[in-house]
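Below: one structure, written as structure tokens.
Only this structure's heavy atoms are used, side chains among them; waters, hydrogens and symmetry mates stay out. Throughout, protein chains are lettered first and strands after them, A, B, ... in sequence-line order, and every chain is numbered starting at 1.
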Protein chains: 2
Amino acid sequence: MPKRIRLDKRIVTENDRLAAELADRYDRAGVLVVNLMSSPGAGKTTLLEVTARALAEEFRMAAIEGDLATDNDARRVIEAGMPCRQINTGGGCHLNAAQVRDALDAYCLEDLDILFIENVGNLVCPASFDLGEHRRVVVSSTPEGDDKPVKYPVAFRLADGVVLNKLDLADATDFSLEAFRGYVHGIKADLPILEVSCKTGDGLAGWFQWVRQAREALAAPAPGAE
Amino acid sequence: MPKRIRLDKRIVTENDRLAAELADRYDRAGVLVVNLMSSPGAGKTTLLEVTARALAEEFRMAAIEGDLATDNDARRVIEAGMPCRQINTGGGCHLNAAQVRDALDAYCLEDLDILFIENVGNLVCPASFDLGEHRRVVVSSTPEGDDKPVKYPVAFRLADGVVLNKLDLADATDFSLEAFRGYVHGIKADLPILEVSCKTGDGLAGWFQWVRQAREALAAPAPGAE
């Protein structure tokens, strides 16, 4: 039993080491990296599609897609105009830093402003695996229920932003915005919540603004960077 | 690296050994055990609530609830009239056989007809951990999208039944029943799909009938069992 615990630790450390290398590589290239996590079907891919279309003139963007199987999501994102590389994890329940490192071969990071990583649809495991990202975003959606932050607190605690999607279904699903906000801020008091409907476009301006600010924050502190 | 692989195997084998013990214990007690899996917020707990109310006269039922945190779900199920024991996994992304074995101390299995186990909301990891159950059910929901079977094939391949919940939101979410059925049966040709809305009650009779038949199938082959 003690042996197993020791080994788990070593595995995490190996991912952390690789993630630190990736973080360094992102910084040297000057590319903002955003890691998107959510339950299956919360709308990560749809969010990338609308972002690809809305910010195409402002930023040079690309994506990495994580899924157990199929390249459906990558094809959707590419169709929306954003280059995208698919990772299939087989049975794997999260992306790890080694998979992301390999997928990066598809890109010249120096030619990008923003790289989005769409993690495997899973509100548990991806939270424990650093991919070297600058920002973590949890995408939640109203049909999942307003109690998800308290049921899956780790993902929310480690997030830098929450996108609450499918606002158009809030009434039909008896979703309480007030309860959701209370749960989120009970876990992390200053966590920004972007309330949107990718379907109607409602609230998306707030999400785009969050992306712009994250990009500016990255660019600001390294004025002498080459 | 080879060491890690060997150890992973040993861990799975330990769970399998415990699961086989549990399966034997369920059979000796003559209790049907159903393991429910789904994405977060697909409606497992709501399904247990309506089942508790609808079948209270027919069966002696109890439940075990798996969640990372809170005992919210157990309280809801108890409120609906079904005894329920909560397991909190901390960060754990699935229930394992040891956790279920410990939770069983709350019950005299011989006094039960059906035990439901509600797994952690996660469409990936729970599929890999046998809990000794007789039946596995994947609860899917229309807002997650009709493509979930192909994106998370393992859970569907190992299931004995699929409950498609939130039928009342199918139109609002552009969900194609035909596509969903095609994807499910492409993975497992004879997998029963129970299409329901726990909110409106639509289709629930089919789910209750599935439960009755599973219970009958268990009772039938052991006529001399005491």
Do any N or O atoms from the side chain of A:Lys166 and from the backbone of B:Thr173 form a donor-acceptor pair under 3.5 angstrom?
no
Indicate yes or no for a side-chain donor-acceptor contact from A:Lys151 to the backbone of B:Asp73 under 3.5 Å, with no hydrogens or angles considered.
no
So which heavy atom on A:Val124 is nearest to which on B:Gly91, and how close?
CG1-O, 3.4 Å
Between B:Tyr152 and A:Gly121, is there a donor-acceptor pair closer than 3.5 Å when you use the side chain of the first and the backbone of the second?
yes
So, the part of B:Asn72 with a heavy atom under 4.5 Å from chain A: the answer is side chain
Taking every non-hydrogen pair under 4.5 Å, which of A:Pro143, A:Ala69, A:Pro40 racks up the most with chain B?
A:Pro40
For chain A, which candidate among B:Gly145, B:Ser141, B:Cys93 shows the most heavy-atom pairs at distances under 4.5 Å?
B:Cys93
Stepwise, does the side chain to side chain contact (heavy atoms under 4.5 Å, CB included) test hold for B:Cys125 with A:Cys125?
CA-CA 9 Å; B:Cys125 315; A:Cys125 314; 3.4 Å; yes
Should we say atom CD of B:Glu79 is surrounded by more than 12 heavy atoms from elsewhere, each under 6.0 Å from it?
no
A:Val150 and B:Thr70: which non-hydrogen atoms are nearest, and at how many Å?
O-CG2, 3.4 Å
Count the heavy atoms of every other residue, nucleotide or ligand shown that sit under 6.0 Å from CG of B:Asp171, and state whether that count exceeds 12.
no
